[in-house]
Amino acid sequence: MTDTAVRSDETSRAHPAHPLDPATTAEYLAGREIIAAAGLLAEPVRFAYYGLEEPPKGDVLGDADPKTADRRLRAFLINLDTGESIDTVVSLTDQKVVSARRLDPRTDGQLPIIDSDFVAVDEIVKADPGWRAAMARRGLTDMSKLRACPLTAGVFGPADDDRRRMVRVLAFVQASEHDLAWAHPVDGIAAYVDLIEKKVFKIVDEFELPVPAESGDYDDEAVRGPHRTTLRPIEITQPEGPSFTLDGHLLRWQDWSMRIGFDAREGLTLHQISQHADGRERPVIYRASIAEMVVPYGDPRFRYWQSYFDTGEYLCGKWANSLELGCDCLGEIAYLDATVTDDTGQPRTIPNAICVHEEDFGILWKHTDIFNGSAQSRRQRRLVVSYFTTVGNYDYGFYWYFYLDGTIECEIKMTGVLFVQAHPGGEHAYSTEVAPGLAAAVHQHLFSARLDVTVDGLANAVEEVDVSGHPIGPDNPYGNAIVQTVTRLTRESQAGRRADGARGRTWRIISTEHENRFGRPVSYTLYPESAPVLLADPAAPVSARAAFATNHLWVTRYDPAHRYSAGDFVNQNPGGAGIPAFIAGDKDIDGTDIVVWHTFGPTHFPRPEDWPVMPVAHCGFTLKPTGFFDRNPTLDVPPPGRHCSAG
Ligand SMILES: [Cu+2]
């Protein structure tokens with residue numbers, strides 16, 4: 001195993017090699033100076049987000065020298081005393097603030113939760129006499145054993161609450177240093193905290209249930225039992241090294257090339273994904289990211305407000321893990337560090353945040369011919385680019401796979417600890433008892449992939465493809481016909497679509513300029529998982545805020561400002577931002593520069609087996625070349641090595 005990393009010396013460059021390279025330590029500091037010089041950083045102003053403001057696509061794809069491109073950073077600034085919230089963009093090239101817009105939180109929403117909110121909320125609730133009294137009634141008097149969680153509030157009214165920058169706070173008991181607090185929820189009581197007034201403005205104390213007692217400390221031998229001794233080692237070796245190359249953030253493997261990006265909000269981003277085929281560079285996706293995710297819970301009682309937008313409200317990327325060779329990743333790994341910033345805009349490097357490696361993936365193709373006697377077998381491989389993040393109780397791995405045959409796959413691995421509550425006893429429709437007196441409520445994890453597609457260029461269109469049988473008739477006398485029904489989605493208003501597993505529904509992203517040797521448009525097909533979209537009632541507050549999650553597919557005309565599926569400011573946003581706003585103009589999406597937005601993810605009725613730490617659950621989607629190549633593009637893959645007689 002080796003570790004060939006892009007290290008902090010690369011992430012600290014003052015002048016990145018490419019306009020899409022992530023912002024560096026030096027750049028964050030330079031931007032901070034400009035913001036301070038403009039008078040925007042008076043105490044106590046904090047950074048709720050700080051990241052690269054990518055140049056518009058036209059600038060990157062144009063002929064201009066990338067070294068002269070205007071490097072810009074975007075910062076969300078919050079004054080912790082007044083709540084004043086500013087969205088600002090600075091130009092590092094021109095050394096000036098380009099824009100600074102003051103938000104109106106009632107219409108724009110609030111800036112994301114910041115690191116210091118976690119500390120502040122703990123202090124605020126523990127200093128509140130009403131909250132202490134409610135805890136004391138439950139027999140909880142030792143404040144040092146209580147853990148307070150700042151949970152994003154959503155928008156549920158009354159208006160007096162919604163105008164505040166607020167969180168709702170639930171408590172957990174951590175009896176000892178190594179105890180798993182999540183196993184011991186204090187149910188029935190929530191403190192509503194105003195983060196600007198720094199006080200509890202409301203206590204909702206609805207019911208009391210015993211704090212579940214069973215230990216969830218899966219790291220304690222008394223809980224897990226002794227480690228099993230029956231697993232023998234698996235070693236992955238690549239004696240000649242991996243087959244990819246990493247030049248800064250430019251990754252090349254076989255016919256694939258792409259640039260790796262990273263952002264405090266979206267986490268891993270992939271840019272300029274392209275195939276080298278037929279002697280030319282053939283773009284597939286200009287930019288791919290998971291632009292939002294929401295986790296709405298389905299218990300209508302006391303916790304009706306639980307819906308966390310991990311990306312827009314908490315900033316997924318900021319919580320990226322440092323990955324460990326041999327634990328998180330096996331084989332010949334190249335790691336990239338990521339740079340994010342703290343509340344004060346000071347850069348912080350996350351070592352080994354992004355993992356790049358190659359995996360054997362079983363059979364690529366195989367045939368034993370009954371006539372000519374040829375027996376051939378080829379092995380599939382994939383290039384894996386991934387990172388893992390921890391947002392509160394849950395951990396998410398974001399994996400992008402690139403295969404030898406041109407397939408692209410996105411997979412999310414969900415693990416960590418369930419968000420639990422006390423179980424009321426008896427039958428409870430909305431939760432599963434996972435330990436004595438401990439329940440985990442049903443919830444959804446709905447991810448929004450933003451795929452800025454460029455299938456053989458900018459001129460793309462989307463076709464919905466259904467398959468069905470055909471009734472018996474003159475053309476189908478024995479009723480065996482199977483047909484595809486192809487519907488072109490020509491306008492934004494028409495492209496909010498649901499998957500349909502019974503029809504095998506897929507969406508084909510076609511080039512309207514390039515054809516294959518059969519005269520058909522070259523294309524990539526999106527295969528959805530066809531799991532339920534947002535199940536909340538259309539009139540529910542979360543349906544307006546997570547409108548992106550009400551369909552599996554949206555297609556919009558490219559606009560550099562359309563970046564986040566639920567809008568730029570998600571926290572306490574009243575709704576309507578993001579996708580509904582993007583499609584309001586009902587633009588033409590046929591044969592132009594388009595963005596495909598795909599919602600996917602499981603509806604999770606927890607199982608007892610998900611406790612106390614959850615085995616990884618998987619979700620994702622696949623993009624397959626469909627007439628993008630003129631035939632199987634992997635005929636030239638050689639037979640496997642010395643152990644295989646076909647070789
Ligand atoms: Cu879940």
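Keep in mind the model is a prediction, meaning the values are calculated, not measured. Whatever order the structure lists them in is the order used to number ligands and atoms, beginning at 1. We number each residue from 1, following the sequence as shown.
- For Trp554 and Phe582, the ring centers are positioned 6.0 Å apart or more.
- For His604, the N/O/S atom at the shortest distance from the Cu ion (ligand 1) is named ND1.
- The six-membered or imidazole ring of Phe419 lies near that of Phe172, with a centre-to-centre distance under 6.0 Å.
- Here the angle at the Cu ion (ligand 1) defined by NE2 in His443 and NE2 in His445 stands at 100°, rounded to 10 degrees.
- Residue contact annotation: Tyr394 places an N/O/S atom under 2.8 Å from the Cu ion (ligand 1).
- For Phe361 and Tyr401, the ring centers sit 6.0 Å or farther from each other.
- Nearest heavy-atom pair, Ile203 versus Ile189, reported as atom, atom and distance to 0.1 Å: CG2-CD1, 4.0 Å.
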